[in-house]
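Shown next, in structure tokens, is the structure this report addresses.
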Amino acid sequence: MTTMSRKDRRTRQADAAGNNNLSGLVLPEPFTGATVQKTFRITDVPTAQELTDVLEAWGVTTKDWGSGNTKEVSKFWKEIKENEAGLEVWQIKGNKSMPVRVTHVLRAKVTSADAHARRVYLFNTWQQYGDGRKRIRNGLLSEKLTLDEMPLVAHLHDVCQRAVTEEEMQRVVDSAVRIGPHRSAPEFDSSYVCPLTVVGEEFVDHTVEVEASKSYPGLMTVYHLYTVDIICEGLPTVDFNTLEFEHPDKDGKRKLKYIHAWVWLEWGMIQRYLFDGSEMKERKSKGSFASPEELETWLGQFDVDLDSWGRARKSLGGSNSSCWKSVEKLWNELESSQTQLERWGRNDGVPLLMRVVHVLQMKVTSGEAAHHQKFLFQVWHQSSNGQIRHVNRTMAKKLNTADLPFDAAKFEQAAKQEVKEQLSYLADVHIRLADQALPTEGSLENSGVNVTKVEFSDHRFDLEDSPSYKDMTTMYHLYTVEVQCTGLPTSDFASISFDDKKKPSAIGWRWTTWQETLDILHQRAQLLERREATMSDKIKELSNACQVCLEELNAPKKPPSDQMSMVKKKLEDMSVILQSDDKKEYIPGFSRLPPSMVSTLADRKGVSDDFLDGALLARQLADRISTVRVSEDQDEDMRNLSTSPREVEQQRANGGKSGFCSLFCGSPSVDVMSEFRK
């Protein structure tokens, strides 16, 4: 599949939006595949009344416009007249026609050349109105665009210059400037010259948000949101404020509109603020995309490096270490109901892509092993090509999202299926697969391992940057069940499993306790630390060797040949890479998510709260019964110390009761768990 570069893809989308062309744009349902049926200009609606007639003719009732917090038709007419908004009629699915209000908004990541290299930008934390009122803003520089400035790419420099020097940043002042007691609003100074100059602009992305208008009830509003990096000269290196003034009134006076507070923040921290208050806009699952190409188009709206998907990850020296999974792989996951994709965001052009996976973790044990609090732990896995990798986890299985919501019966079915797939064919713990003699299902004897009990334990979640898909955050919902089996070996062993294509793989299993698993993971962490230290030493040696070679090449000799110059250039490039700050702390992408959003994501689990409450109550009751039984056993041992052997034998014959109890309470003992189930 041919992949268009991210920059070309987003530039093309922006051009299409500016030319009223919806093809190639990523639109939510039911607007996917919509086309522009008609566009209204001010010449088509020369008065507010004629605009009212047009809206009514297309099914939009305007009689309540202007009441409460809504705006009058004349306000919308003025937006059309001043080219701040447009009116279009879209043809959507089912051959339905829908009038929409269309606006274009610039989101600017203003920075300096030095700060841009460090991914540091200006963030507007609060605004103060000219009358002294104050509000929290927490946003980037934002500016409405006119239809005359479309398509944006063709007018990018002029738009950026206007947004910075004529609007929110037109007057730069100290960060202490604000309106308060004994502090009047600053006045407009006509002699002031803005010190900021736009020296560069870079188009980043274009997203589309569609929502029911709060100002104009019954009318859908389409927001075309363009993100642009604007590089300026003249910006203060410290936090500062700016003054924004109204346009001149009839007397030529310009009143203060806003005081804007600007702070320098890293982009990751800015994203944390921008994601706060996000809501899930749409969810994609099986059948949402007809093809991988359609999925790729949808993914283009996010800050995801699709250019790297399906390609090898480069390690030191340019060698291929491993590959990022492709868009086609993700599409296959969706179509097999192994995962879901969710689009989160606010209505300000900050979409977030979330991959959601539901995983069943199984604590597999047997009767004797359970007595010693041991369970199966997978320590290694060998594929049919002979490659062996360390695993160090319990048995696990991705759950089918088509089965949502999950319950005890679905967990039991999934656990039994996974045990059958992984433990039907057992082998010696030292087995290794050989290409010359790969086993087949027909050549192996069934183990007879049987699941006797599946009991739900708990639910938790884990957020991490996907190791398979670059720039994608994955939310894992993890469900733990305890699985009791018969027919399992009492010592460590291996098993042979087969995939859908009947290819075998070998799995190493170890009986372990929770304490032993912690020791295993701790040893693994120490091994990785030692490898990292060894790699760091090797990098330093390579760096020193490069420096020595460069010094020899720079020694005064005869003029170097073109080939020698090329070698020198490659050595210089490698030296820069080797001397880069390899101790820079890795900051995971999911850390940009605000706590409120993480909480909301975690709450969207695949089981109900009633199910979790019931499972918790069952565990508490089981623990209570276990405690009572232990106490009774201890009491019986104490009684046996003062009871003759004949009396003990008589009590056992009576079902464990004393003769007195059997006489008056001859009924069988009560099954507390059965009573609880009733």
Side-chain angles (χ1 to χ4, degrees), residues 6 10 26-28 105-111 115-116 118-127 135-143 204-211 214 221 223-230 260-284 298-306 339-357 461-466 469-477 585-605:
R6 176 167 50 171
R10 290 174 172 173
V26 179
L27 298 171
V105 180
L106 174 74
R107 294 173 60 250
K109 295 160 61 182
V110 180
T111 184
H116 186 253
R118 294 180 284 112
R119 291 175 61 83
V120 175
Y121 303 89
L122 286 170
F123 192 63
N124 189 188
T125 54
W126 55 262
Q127 290 176 331
R135 69 166 182 169
I136 301 298
R137 174 83 183 282
N138 285 346
L140 300 170
L141 184 148
S142 180
E143 183 61 30
V204 178
D205 66 21
H206 164 244
T207 58
V208 181
E209 294 283 350
V210 183
E211 69 167 7
K214 297 181 178 64
T221 296
Y223 298 93
H224 289 278
L225 305 156
Y226 308 89
T227 304
V228 178
D229 286 357
I230 302 180
H260 300 276
W262 300 94
V263 298
W264 291 99
L265 290 178
E266 292 184 349
W267 178 237
M269 182 59 68
I270 290 176
Q271 285 181 307
R272 189 178 178 92
Y273 281 105
L274 295 179
F275 288 142
D276 196 17
S278 292
E279 299 175 350
M280 193 188 76
K281 300 294 185 177
E282 58 181 332
R283 174 183 287 142
K284 299 295 186 180
W298 185 80
L299 291 171
Q301 66 183 299
F302 303 101
D303 188 18
V304 175
D305 184 10
L306 292 176
T339 190
Q340 293 176 324
L341 299 178
E342 295 178 352
R343 180 173 69 90
W344 289 72
R346 307 188 308 188
N347 294 322
D348 57 2
V350 190
L352 173 68
L353 174 63
M354 184 67 62
R355 173 172 168 256
V356 181
V357 180
F461 70 92
D462 187 23
L463 268 174
E464 72 169 21
D465 295 341
S466 174
Y469 302 101
K470 189 176 182 183
D471 297 333
M472 181 181 287
T473 301
T474 300
M475 163 65 80
Y476 292 97
H477 286 280
E585 182 183 2
Y586 167 69
I587 301 176
F590 63 81
S591 63
R592 59 189 173 172
L593 304 182
S596 59
M597 185 176 177
V598 174
S599 177
T600 303
L601 283 165
D603 198 47
R604 304 179 71 86
K605 50 192 175 293

How far apart are the closest heavy atoms of Gly345 and Lys281, and which atoms are they? O-CE, 3.2 Å

Measure across Ala602 and Met475 and return the closest heavy-atom pair with its distance rounded to 0.1 Å. N-CE, 3.8 Å

Return yes if some donor-acceptor pair links the side-chain N/O of Thr111 with the main-chain N/O of Val120 below 3.5 Å, else return no. yes

From Tyr476 atom OH to Thr339 atom OG1, the distance as rounded to the nearest 0.5 Å: 8.5 Å

Pairwise distance CH2(Trp344) to CD(Glu282) - rounded to 0.5 angstrom: 13.0 Å

For Leu122 and Trp264, what are the C-alpha separation, side-chain angles and deciding distance, and is it a side-chain contact (heavy atoms from CB on, under 4.5 Å)? CA-CA 5 Å; Leu122 286 170; Trp264 291 99; 3.4 Å; yes

List the steps and the verdict of side-chain contact (heavy atoms from CB on, under 4.5 Å) for Trp267 and Leu274. CA-CA 10 Å; Trp267 178 237; Leu274 295 179; 4.2 Å; yes

Could you check if a side-chain atom of Met269 sits within less than 4.5 angstrom of a side-chain atom of Phe123, using non-hydrogen atoms only? no

In terms of heavy-atom contacts, Pro351 and Thr207 come closest through CG-CG2, 3.7 Å

With side chains defined as the heavy atoms from C-beta onward, is the minimum distance between Val356 and His477 less than 4.5 Å? yes

Looking only at non-hydrogen atoms, find the nearest pair between Glu342 and Leu601 and report the distance. OE1-CD2, 4.2 Å

Is Asp465 reaching over with its side chain to a backbone N or O of Asp471, donor-acceptor style, under 3.5 angstrom? no

Aromatic plane relationship, Tyr121 with His116 - under 30° parallel, 30 to 60° tilted, over 60° perpendicular: perpendicular

Assess whether a salt bridge exists between Glu209 and Arg343, defined as any Lys/Arg side-chain N lying under 4.0 Å from an Asp/Glu carboxylate O. yes

Once rounded to the nearest 0.5 Å, what's the spacing between atom NZ of Lys109 and atom CG of Leu141? 13.5 Å

For the residue pair Leu140 and Arg107, what are the closest heavy atoms and their distance? CD1-NH2, 3.4 Å

Between CG on residue Asp229 and CG on residue Asp205, distance to nearest 0.5 Å: 9.5 Å

Would you say the side-chain atoms of Asp276 pair up with the backbone N or O of Ser278, donor to acceptor, closer than 3.5 Å? no

Counting neighbours of CZ on Phe275 that are heavy atoms of other residues, nucleotides or ligands and sit closer than 6.0 Å, is the number greater than 12? yes

Quick one: list whatever passes salt bridge (charged side-chain N to carboxylate O under 4.0 Å, His left out) with Arg119, sequence neighbours left out. none

Pairwise distance CE(Met354) to CG(Leu463) - rounded to 0.5 angstrom: 5.5 Å

Hey, could you give me the CD/CD distance between Glu266 and Gln271, rounded to the nearest 0.5 Å? 11.5 Å

Taking the side chain from Asn138 and the backbone from Tyr273, do they hold a donor-acceptor pair closer than 3.5 Å? no

Taking the six-membered ring for Trp, are His224 and Tyr226 parallel (under 30°), tilted (30 to 60°) or perpendicular (over 60°)? parallel

Tell me the closest heavy-atom pair linking Ile230 and Ala108, and the distance in Å. CD1-CB, 3.5 Å

Over 12 non-hydrogen atoms of neighbours within 6.0 angstrom of CE in Met280: yes

